[in-house]
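Report on the following structure.
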Amino acid sequence: MRRFSFDIICKFSFGMDPEYFIPSLLKSKLADSFDLTSKLSVQRAMSLSPLIWKLKRLLNIGSEKKLKEVI
């Protein structure tokens, strides 16, 4: 499902077809970054309080630091 989402987003957002949906292709850095960014964004949304991730972002620690690096 992630490969499909990545392909669709690249096609509509960037106007390119990474053909990542083809299972025989190796993972790319962009696809790995996309997967990690998606995962961290979901964790942020599921946080008990927005103050937690905002504080982490302000202090540049934990998942917010990793999110900044990946982006």
Side-chain angles (χ1 to χ4, degrees):
M1 188 63 158
R2 283 189 231 162
R3 288 178 179 232
F4 177 73
S5 298
F6 180 73
D7 265 6
I8 296 301
I9 288 171
C10 283
K11 284 178 190 175
F12 288 105
S13 299
F14 308 122
M16 65 175 250
D17 185 3
E19 296 178 348
Y20 188 64
F21 196 56
I22 301 170
S24 62
L25 293 178
L26 299 174
K27 281 190 168 186
S28 70
K29 278 188 165 185
L30 178 60
D32 290 339
S33 295
F34 177 80
D35 285 344
L36 185 54
T37 302
S38 299
K39 177 183 171 187
L40 294 173
S41 296
V42 167
Q43 288 176 352
R44 179 191 270 188
M46 293 177 59
S47 177
L48 294 175
S49 169
L51 294 175
I52 294 171
W53 66 262
K54 287 181 181 183
L55 182 61
K56 288 166 75 176
R57 182 178 62 185
L58 180 69
L59 298 173
N60 196 31
I61 59 173
S63 59
E64 291 300 316
K65 179 178 181 179
K66 187 65 178 174
L67 183 61
K68 188 176 184 180
E69 291 170 358
V70 173
I71 290 174

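Quick caveat: nothing in here was measured; it's all calculated off a predicted structure. The figures here come from the full heavy-atom set of this structure, side chains too, leaving out hydrogens, waters and symmetry mates.
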Taking only distance into account, with no hydrogens and no angle test, what donor-acceptor pairs under 3.5 Å do side-chain atoms of residues 64-71 form with protein atoms, sequence neighbours excluded?
residue, atom, partner, partner atom, Å
E64, OE1, R44, NH2, 2.5
E64, OE2, R44, NE, 3.2
E64, OE2, R44, NH2, 3.4

Give me each pair satisfying salt bridge (charged side-chain N to carboxylate O under 4.0 Å, His left out) with a member in residues 48-62, each pair once, sequence neighbours excluded.
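Every candidate salt bridge (charged side-chain N to carboxylate O under 4.0 Å, His left out) pair involving residues 48-62 fails, so no pair, neighbours aside, qualifies.
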Contacts under 3.5 angstrom, residues 45-53 side chains, donor-acceptor by atom type, not counting sequence neighbours:
residue, atom, partner, partner atom, Å
S47, OG, S49, O, 3.0
S49, OG, L51, N, 3.2

